[in-house]
Amino acid sequence: VQLQASGGGLVQAGGSLRLSCLASRRRFNMNFLAWFRQASGKDREFVGSIYWGGESPTYADSVKGRFTISRDIAKDTVYLQMNDLKPEDTAVYFCAARQNRLVLSGRANEGAYNWWGQGTLVTVSS
């Protein structure tokens, strides 16, 4: 499995969850990872991204200030820490990866990513 996302669940509004994405990073030379989400009946949308090389992560405006992306190089894992969750954050969350760093304007483009995880469901109750 190239990407394996986990950590989803049911949480009340205002609560927190941390998602994990285990990546076969070294085998496939994955250097740029992103989180997307898809709510029921809606298109998949970009949440944020991180470059293994160490620059600051980028975030969608809808999650900025509430979500934090980090990486553990030794564990080949990227995390999505989600705080102050809202019912509108309810979605299936996916991690995605590609070999090369993306410029800022291209990071929300789903087609730019070569690998996708299976998704993990986050449900936020009001």
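Heavy-atom basis, side chains included; hydrogens, waters and symmetry copies ignored.
For Phe32 and Trp52, the ring centers are positioned 6.0 Å apart or more.
Proximity of Leu85 to Phe67: side-chain heavy atoms (C-beta onward) are separated by under 4.5 Å at one or more points. The side-chain heavy atoms of Leu19 and Met82, taken from C-beta on, include a pair separated by under 4.5 Å. The shortest distance between side-chain heavy atoms of Asn29 and Asn31 falls below 4.5 Å. Tyr51 places none of its side-chain heavy atoms less than 4.5 Å from the side chain of Arg107.
Asn83 CG to Gln81 CD: the interatomic distance, rounded to the nearest 0.5 Å, is 4.5 Å. We find the OG-CG distance between Ser49 and Leu33 to be 9.5 Å, quoted to the nearest 0.5 Å. Distance check: Leu121 CG to Leu10 CG gives 9.0 Å after rounding to the nearest 0.5 Å. The OG atom of Ser24 sits 6.0 Å away from atom CD of Gln2, with the distance rounded to the nearest 0.5 Å. Distance check: Gln118 CD to Cys95 SG gives 7.0 Å after rounding to the nearest 0.5 Å. To the nearest 0.5 Å, atom CG of residue Leu80 and atom SG of residue Cys21 are 10.0 Å apart.
Taking each heavy atom of Trp35 and Ile69 in turn, the nearest pair found is CD1-CD1, 3.9 Å. Looking at every heavy atom in both residues, Ala13 comes nearest to Ser126 through CB-CA, 4.3 Å. Taking every heavy atom of both residues into account, Ile50 and Pro57 meet most closely at CD1-CG, 4.0 Å. The two atoms that bring Arg44 and Phe94 nearest to each other are CD-CD1, 3.7 Å, heavy atoms only.
In terms of hydrophobic clustering, with Ile, Leu, Val, Met, Phe, Trp and Tyr side chains grouped at heavy-atom distances under 4.5 Å, Val92 and Tyr113 are assigned to a common cluster. Under the 4.5 Å side-chain contact rule for hydrophobic residues, Ile73 and Met30 share a cluster. Hydrophobic clustering (ILVMFWY, side-chain heavy atoms < 4.5 Å, transitive): Leu3 and Val78 are in one cluster.
Under a 3.5 Å cut-off, the side chain of Arg98 and the backbone N or O of Asn114 do not form any donor-acceptor pair. Between the side chain of Gln4 and the main chain of Ala23, no donor-acceptor pair closer than 3.5 Å is present. Between the side chain of Thr120 and the main chain of Gly8, a donor-acceptor pair closer than 3.5 Å is present.
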Exercise. Given the rule in the side-chain contact (heavy atoms from CB on, under 4.5 Å) test, do Thr58 and Leu104 qualify, once you have shown the distances and angles that lead to the verdict?
Worked result: CA-CA 8 Å; Thr58 55; Leu104 187 60; 3.6 Å; yes
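Residue pairs meeting the side chain to side chain donor-acceptor pair (under 3.5 Å) criterion with at least one partner in residues 88-97, sequence neighbours excluded, are Arg37-Asp89, Arg37-Tyr93, Arg66-Asp89. Screening residues 69-80 for side chain to side chain donor-acceptor pair (under 3.5 Å) gives Arg25-Asp76, Arg26-Asp76 as the qualifying pairs, with residues at least two apart or on separate chains.
Shown here is Glu55, whose CD atom has more than 12 heavy atoms of other residues, nucleotides or ligands within 6.0 Å.
By the 30° and 60° cut-offs, the orientation of the rings of Trp116 relative to Phe36 is tilted.
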